[in-house]
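Below is one structure, written out as structure tokens; the observations come after it.
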Amino acid sequence: MEKEYIEREMEVRLLAYFNEELEEEERHVVERWVEEKPENRKVFEAFLRDCQHIRWIEKEQSINLVQGKKLMMRRVRRVKIRQICYKVVASVAIIVTLGGVYLLNDPFEEDELSNRVETIHPGSSKAKLVLSSGKVVDLMCGSEDVIREQDGSFVKVKEKRGLVYDTSKIVSKTDQLLYNKIIVPRGGEFFVTLTDGTSVWLNADSELEYPVQFAKNKREVRLKGEAYFMVCKDTMRPFMVHSGEYSLRVYGTEFNLNTYKLDEIQAVLVKGAIGFRANGMTLEKQLKPNQLAVVNTFTGESKIMNVDVHPYIAWKDQDIVFVNERLESIMDKVARWYDVNVFFERESLKEVRFYGNMQRYADIEELLSLLEKISDVRFSIKGRTVIVSEQ
């Protein structure tokens, strides 16, 4: 009972602390509690993150009520302190800057950025398909709903959002593999179902090369950029993903692979098991679910960490999630998804960190305006260039 009483008392103090309702001595009590134990700091930081997620959901009008409730509950369930009054928590806006964590209680002002920039729309489903003959098909033009390959197989375009392969009418019995390639431009995304039933979600500025029909003893594809894989299990034919010297072996699983930077390839495992090799000179290392592997293909060095996988795969589910993420990394994603260039007026601005969650299909001014309101960063747009400066 005494422990429960202490926890309830600290809940009240934390809420008052976040709303700047405590006297100086009471604030020191909370701060000393945070520093007492590592677990106290974890509770404090988790509470901060979840408060901001709730704030973003409340203020981002493009997220409907049902989506907002799901996102809120997904985040709040992970917080150790659960007895939170939503109306109080939703009044808190959290700013993460170079100097640390600050609190903002003023209500959001009228959106000014949208009034001073030309609207830049988010990405959409679009790609080009390169057939084995070299013919290039624009998958958005709608002129071909069914595409025929040289071996007699068909490629079906489903609702202009994805490809599905039908190899039931293959006439060529040669062992020579025919390769297709999907090229997704900046500002695009695409989905494909391979002939073995494997599903692949391709992010902006990505390429996937794969055989129309896999070999009898193996399944191999090549990736540039980022993709989420849901691989069909086949113990007789291992599934391999290659990116330069990097290789990833799949044992029937779901994972996200980000190869935009060869010195920082990221593999996140959601289900099943995968093994990876940084290059031909390194041994294979394996991942467990909810683990992230960061690999430098040049040095062969790799690091494995336990993580919350959601921020790494949120793009597939039409979300943009930042968890203590550097502004430079955020703007890299913005550049690819909105097909814009980004210019930082000061290098130090790249180190500003954010927490947040919003819908991936929001217009760019909505995203930038929200980032402005929870930080000291200012964004301006000239043509298709986003300029980042201090307010």
Side-chain angles (χ1 to χ4, degrees), residues 38-54 56 70-80 94 96 101 200-201 203 206 223 225-231 241 243 246-278 282 284-297 299-333 336-337 351-358 360:
E39 52 264 37
N40 291 353
R41 175 166 288 280
K42 288 181 180 179
V43 170
F44 182 80
E45 291 176 350
F47 193 82
L48 289 177
R49 291 196 298 270
D50 295 322
C51 284
Q52 192 188 28
H53 279 289
I54 294 170
W56 280 54
K70 288 181 179 178
L71 289 170
M72 180 189 75
M73 296 307 298
R74 180 169 59 203
R75 300 302 303 166
V76 171
R77 286 194 192 103
R78 295 181 184 139
V79 187
K80 183 178 179 181
I94 301 165
V96 181
V101 179
V200 186
W201 289 258
N203 206 346
S206 300
L223 173 69
E226 184 173 22
Y228 185 93
F229 291 82
M230 188 181 294
V231 178
V241 184
S243 182
Y246 178 94
S247 63
L248 185 149
R249 183 184 180 94
V250 182
Y251 299 93
T253 187
E254 292 184 36
F255 64 95
N256 192 83
L257 183 59
N258 182 332
T259 71
Y260 287 121
K261 299 179 180 179
L262 291 180
D263 61 344
E264 194 178 322
I265 289 181
Q266 297 181 351
V268 172
L269 181 60
V270 178
K271 296 179 182 178
I274 57 176
F276 66 90
R277 298 178 64 184
T282 59
E284 181 179 280
K285 295 184 179 180
Q286 291 200 359
L287 284 186
K288 299 176 181 179
N290 300 312
Q291 285 189 329
L292 162 71
V294 181
V295 175
N296 186 319
T297 61
T299 65
E301 296 178 354
S302 61
K303 181 167 58 175
I304 297 176
M305 297 163 279
N306 295 321
V307 297
D308 174 4
V309 300
H310 177 63
Y312 298 91
I313 67 174
W315 66 269
K316 179 183 74 72
D317 298 320
Q318 303 180 6
D319 286 340
I320 300 175
V321 176
F322 313 132
V323 178
N324 195 27
E325 187 168 353
R326 296 170 63 249
L327 183 56
E328 181 181 30
S329 174
I330 294 172
M331 296 310 292
D332 282 345
K333 296 176 181 177
R336 286 191 292 267
W337 181 235
E351 301 302 322
V352 179
R353 291 180 178 268
F354 290 86
Y355 291 89
N357 190 337
M358 73 177 296
R360 180 169 158 94

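One is the number of the first residue; the rest follow in order along the sequence. Here the structure is a predicted model, which is why all the values come from computation and not from measurement.
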Residues P289 and V270: closest non-hydrogen pair is CB-O, 3.7 Å
Test your reading of the model: is there a side-chain donor-acceptor pair from R353 to the backbone of N324, 3.5 Å cut-off? yes
State whether a side-chain donor-acceptor pair under 3.5 Å links E254 with Y228. yes
Give the C-alpha distance, both sets of side-chain angles, the deciding distance and a yes or no for side chain to side chain contact (heavy atoms under 4.5 Å, CB included) between N203 and R336. CA-CA 9 Å; N203 206 346; R336 286 191 292 267; 5.9 Å; no
Do V295 and K285 touch side chain to side chain, with heavy atoms closer than 4.5 Å? no
Determine the interplanar angle of the F255 and F229 rings, folded into 0 to 90°, and report it as parallel if under 30°, tilted if 30 to 60°, perpendicular if over 60°. parallel
Just verifying a value: how many Å separate M331 CE and E325 CD, rounded to the nearest 0.5 Å? 11.5 Å
Are the side chains of E301 and K303 in contact, using a 4.5 Å heavy-atom criterion? no
Give, for atom CG of L223 and atom CG of N258, the distance between the pair rounded to the nearest 0.5 Å. 9.0 Å
First locate atom CD1 of I274, then atom OH of Y251, and finally report the distance between them rounded to the nearest 0.5 Å. 10.0 Å
Within this structure, what is the CD-CD distance for the pair Q286 and Q291, rounded to the nearest 0.5 Å? 10.5 Å
Flag, side chain of D317 to backbone of D319, donor-acceptor distance under 3.5 Å: no
Can you name the nearest heavy-atom pair linking A293 to F276, along with the distance? CB-CE2, 3.5 Å
Taking T297 for its side chain and Y246 for its backbone only, find out whether a donor-acceptor pair lies under 3.5 Å. no
Determine whether V294 and M305 make a side-chain contact, defined as any pair of heavy atoms from C-beta on separated by less than 4.5 Å. yes
Do you know the tightest heavy-atom contact between A267 and L287? O-CD1, 3.6 Å
Where the side chain of T259 meets the backbone of G225, is there a donor-acceptor pair that is under 3.5 Å apart? yes
Mind checking the CG-CG spacing from N290 to D308? Nearest 0.5 Å is all I need. 7.5 Å
Any chance you could lay out the side chain to side chain contact (heavy atoms under 4.5 Å, CB included) test for D332 and K261, step after step, and finish with the verdict? CA-CA 11 Å; D332 282 345; K261 299 179 180 179; 3.8 Å; yes
Rounded to the nearest 0.5 Å, what's the gap from CD1 on I265 to OG on S243? Could you check? 4.5 Å
Shortest non-hydrogen pair, Y260 vs S206, comes out as OH-OG, 3.5 Å
With salt bridge (Lys or Arg N to Asp or Glu O under 4.0 Å) as the test, would you mind laying out the steps for E226 and K333 before giving the verdict? CA-CA 11 Å; E226 184 173 22; K333 296 176 181 177; over 6 Å; no
So does T282 get a backbone contact from the side chain of R277, meaning a donor-acceptor N/O pair under 3.5 Å? yes
Looking only at heavy atoms, which two atoms of L269 and V309 are closest? And how far apart? O-CG1, 3.7 Å
Side-chain donor/acceptor of W337 to backbone N/O of R360, under 3.5 Å: yes
Applying side chain to side chain contact (heavy atoms under 4.5 Å, CB included), run through F354 and L327 and close with a yes or a no. CA-CA 7 Å; F354 290 86; L327 183 56; 3.8 Å; yes
